[in-house]
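This is the structure, below, for whatever I ask next.
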Amino acid sequence: MIHYFITLFTIIVLSSHNTITHAFQEKDSILNNQDHLMVSIQKELRSPEYRKEILPHDFSHLSHLVAYGTRSHQPPAYIRSIVKLFSNLIKSSHHINAYAFSDLLETFPEQLAPYFSLVESRAYITDSALYDATFVDRFKTTVNNMLYAKFSNEYDSFRQDPNLFLQKISNNIVTIAQEEVAQEQLRQGIIRFCEIALSKLVWSPTAHEETWRITKKIGEQLAIFLEHNILDDINDLDDLHWTLLNRYCYFLELTAGDMPESFYQAIRNDLCSNADNIVLFALKEQDYIVEPKLSYMQRTLLETETAAYRHKAGL
């Protein structure tokens, strides 16, 4: 009985996605300028209905606010506050539509990329590999390069007024450090937001194989964060992939009896013939004592298929 109501709830909340989103976007489309958009967003965010009915299916407000910050060159603190706001908003949501979250990830990395481009440090980064280095390694090298450049090109200024020269260098170092710290704070905020959203994802049992396709796509979209330096640690991506996989396996356990035999066959074939090309399983496991993701997925699939067979056989 509990299983029945959980499945029914999932179908209802997902099937209402098109109706709610259409009405929401239709109202949003009449906005004529950025001021009207901001006023409308503020009003929507205060509504309990938005948090529980609209947000789980539509992240357009988040995209609009981040895009506005990028276009108007808002500081990292602005984006950080927006991400923090929506992290807290989705805590009130009982579920997050997997398709809506994938739609957000389609543009999210590109929107956030300017905040991870290290504008202040860029002039002193001579090796592109430093963009992927840790904060400590990059900061040390960047400061060394800056000191070398300053003393090589502005030595006369140093001789004329050492105090002023060193003060300017100190200011430059502080600016670079602040940029690095702001970037790391934003990065951690984005990771928290993704963790919360991934842990609440739901799929429609009636979509069958499509649920697996969108799950693989989300895994690929999360990996793009590495390309834009939004994630700089492979362990963070590994954690996000584990959260995604655990949630999907939980979905399989809840809906085992609703899936046809063809569903299990399709995923089993995909795992056997295409596992090397699935980003979700591409990373080397960071914790060697934990069951690998692929093995965990295969075991869950076998257990849920067995449960489905027993259910249909009346056992």
Side-chain angles (χ1 to χ4, degrees), residues 28 31 33-46 50 55 59-91 101 104-125 128 130-143 145-147 149-150 167-197 221-222 224-233 236-237 240:
D28 190 57
L31 301 174
N33 54 53
Q34 190 65 45
D35 290 338
H36 288 171
L37 174 62
M38 298 301 288
V39 171
S40 174
I41 288 178
Q42 290 176 0
K43 182 178 180 181
E44 290 283 349
L45 296 186
R46 294 190 181 97
Y50 172 78
L55 179 59
F59 287 94
S60 59
H61 276 355
L62 174 57
S63 293
H64 286 152
L65 288 169
V66 172
Y68 166 76
T70 303
R71 287 196 308 269
S72 58
H73 305 290
Q74 296 295 320
Y78 165 84
I79 299 295
R80 184 186 174 200
S81 67
I82 295 301
V83 173
K84 180 178 183 297
L85 168 64
F86 277 84
S87 294
N88 288 327
L89 287 175
I90 61 176
K91 290 176 183 177
F101 187 65
L104 170 67
L105 295 182
E106 196 69 31
T107 57
F108 212 35
E110 185 176 349
Q111 291 175 332
L112 293 168
Y115 290 93
F116 293 87
S117 60
L118 296 170
V119 176
E120 298 295 336
S121 304
R122 190 184 304 160
Y124 308 107
I125 295 179
S128 60
L130 286 174
Y131 287 103
D132 299 323
T134 62
F135 159 70
V136 174
D137 291 337
R138 182 173 53 245
F139 183 71
K140 178 182 178 181
T141 304
T142 302
V143 171
N145 290 344
M146 185 199 68
L147 291 174
K150 291 292 185 182
Q167 183 62 48
K168 289 181 178 179
I169 286 182
S170 297
N171 291 338
N172 287 339
I173 293 175
V174 169
T175 299
I176 292 173
Q178 289 175 333
E179 179 181 60
E180 289 279 5
V181 170
Q183 176 178 277
E184 185 59 27
Q185 289 175 333
L186 178 55
R187 175 178 291 117
Q188 293 305 314
I190 293 169
I191 292 172
R192 281 195 297 273
F193 168 78
C194 289
E195 282 281 3
I196 297 170
Q221 291 171 321
L222 292 171
I224 294 175
F225 283 166
L226 279 175
E227 298 177 12
H228 292 280
N229 198 38
I230 298 170
L231 294 180
D232 67 345
D233 188 341
D236 291 329
L237 178 59
L240 293 177

Which atom of Ile79 lies closest to which atom of Gly69, heavy atoms considered:
CD1-CA, 4.4 Å
Are the side chains of Phe116 and Leu186 in touch, meaning some heavy atoms are under 4.5 Å apart?
yes
Flag the pair Leu104 / Phe193 as yes when at least one side-chain heavy-atom distance between them is below 4.5 Å, and no otherwise.
yes
Could you walk me through whether Phe108 and Leu62 satisfy the side chain to side chain contact (heavy atoms under 4.5 Å, CB included) test, starting with their C-alpha distance in whole Å, then the side-chain angles of each, then the deciding distance to 0.1 Å, before giving a yes or no?
CA-CA 9 Å; Phe108 212 35; Leu62 174 57; 4.2 Å; yes
State, with a plain yes or no, whether a side-chain heavy atom of Ile173 is found less than 4.5 Å away from one of Met146.
yes
How many angstroms lie between CD1 in Ile230 and CG in Leu237, if you round to the nearest 0.5 Å?
12.0 Å
Within the 3.5 Å criterion, strictly below it, is a donor on Gln183 or Glu179 matched to an acceptor on the partner's side chain?
no
4.5 Å side-chain heavy-atom contact, Ser81 and Leu85:
no
Residue pair Ala197 / Ile90: nearest heavy atoms and the distance that separates them
N-CD1, 3.7 Å
Can you name the salt bridge (Lys or Arg N to Asp or Glu O under 4.0 Å) partners of Asp232, sequence neighbours left out?
Arg187
To the nearest 0.5 Å, what is the distance between CD1 on Ile190 and CG on Leu240?
11.0 Å
Check step by step if side chain to side chain contact (heavy atoms under 4.5 Å, CB included) holds for Phe86 and Leu55.
CA-CA 9 Å; Phe86 277 84; Leu55 179 59; 4.0 Å; yes
Determine whether Ile125 and Arg138 make a side-chain contact, defined as any pair of heavy atoms from C-beta on separated by less than 4.5 Å.
yes
Looking only at heavy atoms, the pair that brings Ser121 and Glu180 closest together is OG-OE2, 4.3 Å
Between NZ of Lys140 and CG of Asn145, what distance do you get to the nearest 0.5 Å?
12.0 Å
State, with a plain yes or no, whether a side-chain heavy atom of Leu105 is found less than 4.5 Å away from one of Leu222.
yes
With a 4.5 Å limit on heavy-atom distance, are the side chains of Pro76 and Gln185 in contact?
no
Pair Tyr115-Thr70, side chain to side chain contact (heavy atoms under 4.5 Å, CB included): steps then yes or no:
CA-CA 8 Å; Tyr115 290 93; Thr70 303; 3.8 Å; yes
Take Leu118 and Tyr124 through the side chain to side chain contact (heavy atoms under 4.5 Å, CB included) test and state the conclusion after the steps.
CA-CA 10 Å; Leu118 296 170; Tyr124 308 107; over 6 Å; no
Enter the distance from Thr175:OG1 to Gln178:CD here, rounded to the nearest 0.5 Å.
5.5 Å
Under 3.5 Å, is there a donor-acceptor pair between the Lys168 and Asn171 side chains?
no
Under the 3.5 angstrom rule, does the side chain of Tyr78 hit a backbone N or O of Leu65 as a donor-acceptor pair?
yes
Just how far is it from atom CZ of Arg71 to atom NE2 of His64, taken to the nearest 0.5 Å?
8.5 Å
About how many Å separate CD of Glu110 and CD of Glu227, when rounded to the nearest 0.5 Å?
12.0 Å
